[in-house]
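Worksheet: the structure to be examined is printed underneath.
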Amino acid sequence: MAFNMSEAELKDSTRAFLDSGPKQLFINNGWVAPQSGEYFASLNPASGKPLAEIALANEADVDAAVAAARAAFKGHWSQKFLAGDRAALLFKLADLIDAHADTLAELETLDNGKPYRVSRKGDLPYVTKHLRYQAGWADKIEGSTVPVTFPNQFVYTRREPLGVVAAIIPWNFPLLMAIWKLGPALTAGNTLILKPAEQTPLSALYLADLVAEAGFPPGVVNILTGPGLPTGAALAAHMDIDKLAFTGSTAVGAKIMEAAARSNLKRVSLELGGKSPNVIFADADIPAAVRGAQWAVFSTAGQECVAGSRIFVERAIYNEALDALKGHVEKMQVNHGFAEKVHVGPIITEAQMKRIQGYVTDGQKAGAEIISGGAAIKDLGDGYFFEPTIFAYQDDSLPLVQEEIFGPVAAVTAFDDWDELIQRANSTMYGLAAGVWTRDIAKGHNYAHQVQAGTVWINGYGMIDPAAPFGGYKMSGFGREMGKESIELYTQVKTVWVNTYQDTSKPE
Ligand code: NAI
Ligand code: MG
């Protein structure tokens, strides 16, 4: 497997997919043109050039997809496909994804920009690991029997699917986010409408043909492309969608809740942003902690919901740790995703680059000190590249410390004592993840218990596993993906009462 290649060396299947003309909407296992007749371009962030024309779904297309998903839910999907049958289809899909992994990884790198090595060796294997884990749940979704206080009543519960699920996902892990939603939604017996991010629709569209090939009945999986407005908003406001699963920004998450409340009270689960604290105590394995802190924020160019973007260092080792971090970061290669040497790929869009630059400029004006980086990179062509940037700061109220930048920017600060640390670590509106580096077991656990975050890593950072529940505290959202919690997210409980009274008295 070559990781250094030019775009001229793309697989024939990737090239054929890109060259096959405008991409349509996937409804009822077939490709249909958007009713608006409108298309938009998905760009390659490493070059700024368009990769393909993509259909823009409007309200009428959303209606058509919902009708297809509803019909499939009422029809053979929920009635003819038993748990084991659904699992078999999901396993088949995982096998097909494995067989097409090179092409999917190439599309991911073209569309999102991330290093090909990361797409191929990170995202793709994890996609199928996740799908297989979820498929394994299909025949383990159990109810319970309930010991009520009434006599002669047998009470049991069933976990039933919700119905039609819509998933709106972001651009940072395009295929992985699609599977995080598709896996549990279908495992539990729902049907799905997936809206990939407008910046990165290609891998989901390629997946569509694999869904049909795997043998899912028409309407079980539908894929609509388009931006937040009108496509995402039409899904959020639809009267016949039972659940909306969202990953993205906190601002849009709030809009989705509002739309759900104003329409049909559809269930909502939100995995939103973060501003995760990563703490290095003086008693830590310092080289490992510094390396860990480096990758926690700069892999994926900081475009990761769990990015460890606030680094707290105990004062006794602050200078030593900051120097070591600076040394490592300055050796990181920023490049396009197919380059031989690349640690950090491009930023997703020009708008996002400008946003990052804004935080950096404002941060400097407000008195934070740039230790490393701080500028856009101009000599890599027309793509959107930004230097890995380290800020040193004291003032927790700075926007660059409070807000999710979603770029390669780390904010580093010194702390003196425990209470100060806990207060400052918890001082943002977010609570997605946290890291702590220490050789003191008690300290590590106590920190993990006091920090407000859905996931905490002690002496590590960033591991996410299909078996381990994942989701946010505070404004990082609610609902847990992964693990058995993911099944709860895509089912509802029905309680059934059975009168078992039997008249056993002898007739007179
Ligand atoms: P976004 O939240 O706007 O987009 C995520 C998804 O929501 C996309 O599919 C988009 O089309 C859709 N969407 C946008 N507006 C919508 C609306 N009104 N109704 C329904 N769907 C809508 O995120 P964006 O603009 O890509 O990035 C902005 C910031 O959001 C980032 O800088 C980062 O801070 C945060 N973000 C967090 C992510 C995470 O993994 N938690 C992922 C992506 C972004
Ligand atoms: Mg793109």
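Without hydrogens or angle criteria, Asn44 side chain to Leu51 main chain gives no donor-acceptor distance under 3.5 Å. Although no hydrogens or angles enter the test, the distance criterion places a donor-acceptor pair under 3.5 Å between the side chain of Thr225 and the main chain of Ala55. For the pair Arg86 (side chain) and Thr187 (backbone), a donor-acceptor distance under 3.5 Å is present. Judged by distance alone, with hydrogens and angles left aside, the side-chain atoms of Thr247 form no donor-acceptor pair with the main-chain N or O of Ile169 at under 3.5 Å. In this structure, Ser203 contributes its side chain and Pro174 its backbone to no donor-acceptor pair below 3.5 Å. Distance alone, capped at 3.5 Å, is enough to place a donor-acceptor pair between the Asn190 side chain and the Ala185 backbone. Not one N or O on the side chain of Asn58 forms a donor-acceptor pair closer than 3.5 Å with the backbone of Pro230. Side chain of Ser276 to backbone of Gly308: no donor-acceptor contact under 3.5 angstrom is found. Judged by distance alone, with hydrogens and angles left aside, the side-chain atoms of Asp61 form a donor-acceptor pair with the main-chain N or O of Gln35 at under 3.5 Å. With hydrogens and angles disregarded, a donor-acceptor distance shorter than 3.5 Å links the side chain of Lys474 to the backbone of Thr428.
Between Phe406 and Trp171, a ring centre-to-centre spacing shorter than 6.0 Å is recorded. Aromatic pair Trp180/Phe173: centroids not less than 6.0 angstrom apart. Taking the centre of each ring, His100 and Tyr206 come in below the 6.0 Å mark. In summary, the aromatic rings of Trp457 and Tyr461 are positioned with their centroids under 6.0 Å apart.
No hydrogens or angles considered: a donor-acceptor pair under 3.5 Å links the side chains of Glu403 and Tyr359. Using modelled atom types and a 3.5 Å distance limit, the side chains of His238 and Asp63 yield a donor-acceptor pair. When only modelled atom types and interatomic distance are considered, Thr103 and Ser13 share a side-chain donor-acceptor pair under 3.5 Å. Trp77 and Asp85 are not linked by any side-chain donor-acceptor pair at a separation below 3.5 angstrom, with hydrogens and angles left out of the test. With 3.5 Å as the limit, one finds a donor-acceptor pair spanning the side chains of Glu106 and Thr14. Between Ser486 and Gln134, the side chains place a donor N or O and an acceptor N or O closer than 3.5 Å (distance only, hydrogens not considered).
The pair Glu404-Lys275 does not meet the salt-bridge criterion, since no charged nitrogen lies less than 4.0 angstrom from a carboxylate oxygen. At a threshold of 4.0 Å, the pair Glu481-Lys181 counts as salt-bridged, since one of the basic side-chain nitrogens sits closer than that to a carboxylate oxygen. Look at Lys266 and Asp240 and you find no salt bridge, because none of the NZ, NE, NH1 or NH2 atoms lies under 4.0 Å from a carboxylate O. A salt bridge is defined here as a Lys NZ or Arg NE, NH1 or NH2 lying under 4.0 Å from an Asp or Glu carboxylate O, and Arg267 with Asp242 fails to meet this definition.
Pairing each heavy atom of Ala293 with each of Asn278, the nearest pair is CA-ND2, 3.5 Å. Across all their heavy atoms, Arg480 and Gly471 have their closest contact at NH1-C, 3.3 Å. Residues Pro408 and Phe386 approach most closely at CG-O, 3.9 Å, considering heavy atoms. Taking every heavy atom of both residues into account, Val342 and Asn335 meet most closely at CG2-O, 3.5 Å. Scanning all heavy atoms of the two residues, the minimum distance from Ala301 to Val344 falls at CB-CG1, 3.6 Å. Scanning all heavy atoms of the two residues, the minimum distance from Tyr39 to Pro34 falls at OH-CD, 3.2 Å.
By the neighbour-count criterion of 12 heavy atoms within 6.0 Å, atom CZ of Phe81 is densely surrounded, having more than that number from other residues, nucleotides or ligands. When the shell of 6.0 Å around CG of Asp19 is examined, it contains more than 12 heavy atoms from other residues, nucleotides or ligands. Other residues, nucleotides and ligands place more than 12 heavy atoms under 6.0 Å from the CE atom of Met332. No more than 12 heavy-atom neighbours from other residues, nucleotides or ligands sit within 6.0 angstrom of NZ on Lys484. Asn264 CG: more than 12 foreign heavy atoms inside a 6.0 Å radius.
Here the CZ atom belonging to Phe216 is positioned 10.0 Å from the CG atom belonging to Leu192, to the nearest 0.5 angstrom.
Taking the side chain as every heavy atom from C-beta outward, Thr491 and Glu160 never approach each other to under 4.5 Å. A heavy-atom distance below 4.5 Å is found between the side chains of Leu18 and Leu107. Between His343 and Trp295 the shortest side-chain heavy-atom distance falls below 4.5 Å.
With Phe385 as the partner, the side-chain contact (heavy atoms from CB on, under 4.5 Å) test is satisfied by one option alone out of Met353, Lys378, His336: His336. The residue from Thr200, Asp123, Thr300, Asn172 that alone fulfils the side chain to side chain donor-acceptor pair (under 3.5 Å) condition with Lys114 is Asp123.
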